[in-house]
Enquirer: 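Got a structure here, written out as structure tokens. Questions coming.
None of the values given here were measured: they were computed from a predicted structure. When reading the values below, keep in mind they use all heavy atoms of this one structure, side chains included, and skip hydrogens, waters and symmetry mates. Residue numbering restarts at 1 for every chain, and letters A, B, ... go by the order of the sequence lines.
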Amino acid sequence: MSLLDEGLRTPAGPSRNRPHGNVAVLRAFILLLFGVLTVRLADMQILRGEEFAQRSRENHIVRTNILPTRGLITDRNGEPLVKNVGVYSATILPELLPDSQEARYRIYLRLQELIGVSPLEVQTRVDEAIAAGRDYIAIRIATNLPREAALALEEAAVDLPGVSLEVTPGRQYIAGPAFSHILGYIGPQTAEEAKVLRPQGYQLNEPVGKDGIEAWYESDLRGQIGYTAAEQNAQGKLITLLGRQDPVPGNTVRLNIDAGLQQYVAELLQASMADNGSGWGDAKQAAAVVMNAKTGQVYAIVSIPTYDNNIYADAQRRAAELERIQNDTVTYTLLNKALNPAAPGSTFKLVTATAGLAEGSITPNTSFQIGCSLDIKGENDVIYNYPDWRCHNMLMDVRAAIAWSSNVFFFLTSGGDLERQRGLGKDVETSGAVLAAWARKFGFGKPTGIDLFGEAAGRVPDPQWKRRTKVGEGFAPGENDWFLGDTYNTAIGQGDVLATPLQIARMTAAIANGGTLPVPHVADAIIGPDGKVVRTIAPQGETIDVDPRWLQVVREGMLGSVQYGAGARAASSKTTVAGKTGTAEFFKPDGTKSQHAWFTGFAPYNDPEVVVTVYFDIGVGGDKAAPVAGKIIDYFMEHVRP
Amino acid sequence: MTSVTLGNFGRARARTSFWRGWDRFDYVMVAAALALVGCGLALIHSGSRPWYDGPITSLASPVAKQALFAVIGIAVMLGISRVDYHRFLHFAWVFYALSIVALLALFALGSTAYGSTRWFDLGPVQVQPSEFAKLAAILCLARFFSEHGGDARDVRSLLLSMAIVAPLAGLVFLQPDLGTSIVFGGIWLGIVVIAGANRSHLLIMGAIFLAVLPFAWTFAIADYQVERVAVLVDPNEDPLDSGYNVLQSQIALGSGQLLGKGYMQGDQTQLEYLKVATKDFIFSLLGEEFGFAGAMVLFALFILLLMRGVRAAQLAGDTAGQLVAVGITMLILMQTFINVAVNVSLFPVTGIPLPFVSQGGSSLVSLFASLGLLQSIVMRHRSYRQT
């Protein structure tokens, strides 16, 4: 016995006393504890059981998305303009890297050998990601790897923990720079786009169309995402495949564009940029629209300069090129010039002529003796002199005026001379307003509705607009009044009026087809993966409220222009061309005066099929734009015409 | 006095036939325990599938190992039930001293896992001294009270009894093993209540305990324990770290719903989201695969077993036997409660196995040893002694 034991023994203590404890309390305690556990268990398994069952499913069922094959884009003959390619990227998942810095650096060095990335840069990015607690998100360290490098990386990745090769769907634009403005490009979603696209079922890694047809027809091209559902264990290993939903490939978009024509026009414009003796200098920008005269189907729409839209997919390596086109403030490469407004010059006289005939300020037989300019006696007998672009010295009706592009004739048609000849309206302001209304009837001042992004509305000035706009700083009081000169300027497409080449083409189409203003469409049809047409993009158009007789008179004038007038150089050996030249004065950013060159026309004269509009930022319409239009019509008649 | 007792019983035993007393052997208690072991074997089989795919007859099989330990445990139980429990009471202080030494030695020689040093690694087997210490504490407390008038009515004996348990509980707490030290507390409380402790004394002590708790929280409880309590409140707070086991056991249990997902069909278990599914979290495995219904069956078996333990206390021929029976019942009750409470997230993770069910040899053998003690008490109860 221990000392402790001895010391504690009480005198009364027999070791075999009868038990006296009441064990009922023990029974109650047992039942109490199990009661507590049962209540808790009932709460978890019965009341909240479904919630936990759901979490259990989420725990182990992983859904892996399979991105669909994006639909192709073809020209009107089915020739593909794009190709789907795999984009190879090297990624690092920081949490899978070895723990020791030294082992990590060995991996970075190996990556330098394989794909030429700087180890220090990789290290910085990995360390930053770890510091920010994002070590479970893969970092893309190099993208657009060449195929050989990608294969080498894939082989080596087995021994490089954390490194892997990622293949994402990409696009290669195979038709050349002439198509860049039409096709646009695809790229990763921006944060703002992701917010909009997520509710539509987009995955974060899914590329989206960014511009052009790629963006406009995104929902047709995308297809439907597929997925596999698999059971995954706690280590992240996939155990069994539970289900699979195959992705549905996107639809093909067939364009109205004729690839050959588009390419031809782009090359032709490019080759015609140099100054051809006008003395105004080389053109820097140009645009052309070739369109079905009745339906508005766009056969070619070209903007110069062009660029290679494959740059976006390879932005990392071609950063300098991308930088250059994105910050181009001289020629604005990325801007589609066909959708960008400029002073339309004399092409606008077609609107003035139609307005004059319709409003009765002239008749088909009205003739004026046109000299070198028009003198108008203003208040206090001040004589204002409005010059023509050259001395005509002949008696002209409206047909001849269109053919020779007389300014004075259309001054008289639009604003009158305040004495014998009346204008479109009863006074100066009304004439301006009526002319503006006719411009709007022909689709000016608002977008045409073409299936491309970035289209400008242009501008149609009228007295109200002027009153509203030309006030405040930089304007003298009363400068916002509408003067006779404003009507005159607008009548010949100068001053404040602005129109896009596409708007000019559309107006020309309306005149050519007898009064229907078509909505231009680049795309023709959506075609399913099985080759069947899912839907066609139906031609749309609105009928202009104008007597077809007046349009016939205007067409006769346009025929004259090409046959004997200012647009003679647009003549084609293959068909009869009718058209109108335009040479619009404008001030360059440096303040010096220059001229835009325009030509818009249609062919064949008797049954118009095609409208061609050509624009150069610098040049003279008859010299520079007209010959190009003639060649385009030649090509069309020979190669495109069905 | 003690030596006389020993002498008497030594002779009595010599004269007793081997078959005497077996008619009083508590077969119901053993049946309940074996049913629990059977449940355990089935669950271990299911829970070990992700990491063991060998034949079930191999000794490497966790099921076979557990069955082997059960056989050893039953042999130990039968052996002990043949021995008069007074013989163990006689050596109570020796056991006590051995326990203290073993627990101290653990700090120098023990194996550490999950930041806690709880056992000796003796080649094929691991010995957990705290299992032995729990029985030693029960024997010492029973002996102490039986030698002091058989009750704990006066403060002096109450405090002394506490002083007996405190060193053991304290050493276990330092391992650290919060759960087992609470089991010690439960054993002590059960024994002193049955030994007739004054209710007001207990209330005062309880009040003092609650007053000291905040300081203990700050100074004596390790950070990991604080964290475990914190994740208990909201396991989603840190789902990939400390909260992981808690969260996964909740999901496993809850997703079992009323009838469970079916045997070997629990995806939380089979896909290894549930950790230590055959040991500390075997109850979650049961809950997932057999649902609320399965848990109720298990509870019924435990309640049956524990009630047989209470019966042993009621039948016990003397105070010492009664208190030993109470202590053992409390031991099993507290371990079961804490283990299930951990599984249902009412208690922080402490690493206490579910008695008779969880995989683990030393726990199983020592539990059968305690059942042997209970049998020894039942077989020598009052009516038996009077014949």
Enquirer: Need one label for B/Phe283: side chain, backbone, both or neither, based on atoms under 4.5 Å from any heavy atom in chain A.
Expert: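 Just its side chain gets close to chain A.
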Enquirer: Answer with side chain, backbone, both or neither: which region of A/Ala42 has an atom nearer than 4.5 Å to a non-hydrogen atom of chain B?
Expert: both
Enquirer: If you measure from CG on A/Leu33 to CZ on B/Phe302, what distance do you get to the nearest 0.5 Å?
Expert: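 Taking CG in A/Leu33 and CZ in B/Phe302, the distance rounds to 13.0 Å.
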Enquirer: Among A/Leu31, A/Leu26, A/Leu37, which has the most heavy-atom pairs under 4.5 Å with chain B?
Expert: A/Leu37
Enquirer: Measure up the B/Phe299 and A/Phe34 rings against each other and bin them: parallel (under 30°), tilted (30 to 60°), perpendicular (over 60°).
Expert: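 Perpendicular.
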Enquirer: If you count heavy-atom pairs under 4.5 Å with chain B, which of A/Ile46, A/Leu47, A/Leu41, A/Val25 comes out on top?
Expert: A/Leu41
Enquirer: In terms of heavy-atom pairs under 4.5 Å with chain B, which of A/Arg48, A/Gln54, A/Arg57, A/Glu50 leads?
Expert: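 Ranked by heavy-atom pairs under 4.5 Å with chain B, first place is A/Glu50.
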Enquirer: What is the minimum heavy-atom distance between B/Asp267 and A/Ser56, and which atoms define it?
Expert: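 Result for this residue pair: OD1-OG, 3.3 Å.
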Enquirer: More than 12 non-hydrogen atoms from neighbouring residues, nucleotides or ligands closer than 6.0 Å to CD on A/Gln224, yes or no?
Expert: no
Enquirer: For A/Val23 versus B/Ile194, what's the shortest heavy-atom pair and its separation?
Expert: CA-CD1, 4.2 Å
Enquirer: Please check if any side-chain donor atom of B/Gln314 sits under 3.5 Å from a side-chain acceptor atom of A/Arg27, or the reverse.
Expert: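 Present: a donor and an acceptor within the cut-off.
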Enquirer: Taking atom CD of A/Glu155 as the centre, does the number of heavy atoms from other residues, nucleotides or ligands within less than 6.0 Å exceed 12?
Expert: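 Counting other residues, nucleotides and ligands, CD of A/Glu155 stays at 12 neighbours or fewer.
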Enquirer: For the side-chain contact (heavy atoms from CB on, under 4.5 Å) test, which of B/Val310, B/Ile332, B/Leu305, B/Thr336 pairs with A/Ile30?
Expert: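 Testing each of B/Val310, B/Ile332, B/Leu305, B/Thr336 against A/Ile30, the sole residue satisfying side-chain contact (heavy atoms from CB on, under 4.5 Å) is B/Val310.
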Enquirer: With sequence neighbours left out, what residues match A/Arg140 under salt bridge (Lys or Arg N to Asp or Glu O under 4.0 Å)?
Expert: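 Scan of A/Arg140 (salt bridge (Lys or Arg N to Asp or Glu O under 4.0 Å), adjacent residues dropped) gives A/Glu166.
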Enquirer: Just so I understand: if I count every heavy-atom pair under 4.5 Å between each of B/Gly256, B/Gly190, B/Gly291 and chain A, which residue has the most?
Expert: B/Gly291
Enquirer: Determine the minimum heavy-atom distance between B/Leu253 and A/Gln45, stating which atoms define it.
Expert: O-NE2, 2.9 Å
Enquirer: Please classify the contact between A/Glu51 and chain B as side chain, backbone, both or neither, with a heavy-atom cut-off of under 4.5 Å.
Expert: neither
Enquirer: Could you tell me whether A/Glu102 atom CD has more than 12 heavy atoms of other residues or ligands within 6.0 Å of it?
Expert: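 Atom CD in A/Glu102 is not packed in, count stays at 12 or less.
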Enquirer: What option among B/Leu89, B/Leu258, B/Ile251 has the most heavy-atom pairs under 4.5 Å with chain A?
Expert: B/Ile251
Enquirer: Write down the atom of A/Phe29, the atom of B/Met330, and the distance for their closest heavy-atom approach.
Expert: CE2-CE, 3.6 Å
Enquirer: Relative to chain B, which segment of A/Arg40 carries a heavy atom at a distance below 4.5 Å: side chain, backbone, both, or neither?
Expert: side chain
Enquirer: What part of B/Val193 lies closer than 4.5 angstrom to a heavy atom of chain A: side chain, backbone, both or neither?
Expert: side chain
Enquirer: For A/Met44 and B/Val344, work out which heavy atoms get closest and say how close.
Expert: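 Shortest heavy-atom separation between A/Met44 and B/Val344 comes out as SD-O, 3.7 Å.
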Enquirer: Could you note down all residue pairs passing salt bridge (Lys or Arg N to Asp or Glu O under 4.0 Å) where residues 283-301 of chain B supplies at least one of them, sequence neighbours left out?
Expert: B/Lys261-B/Glu288
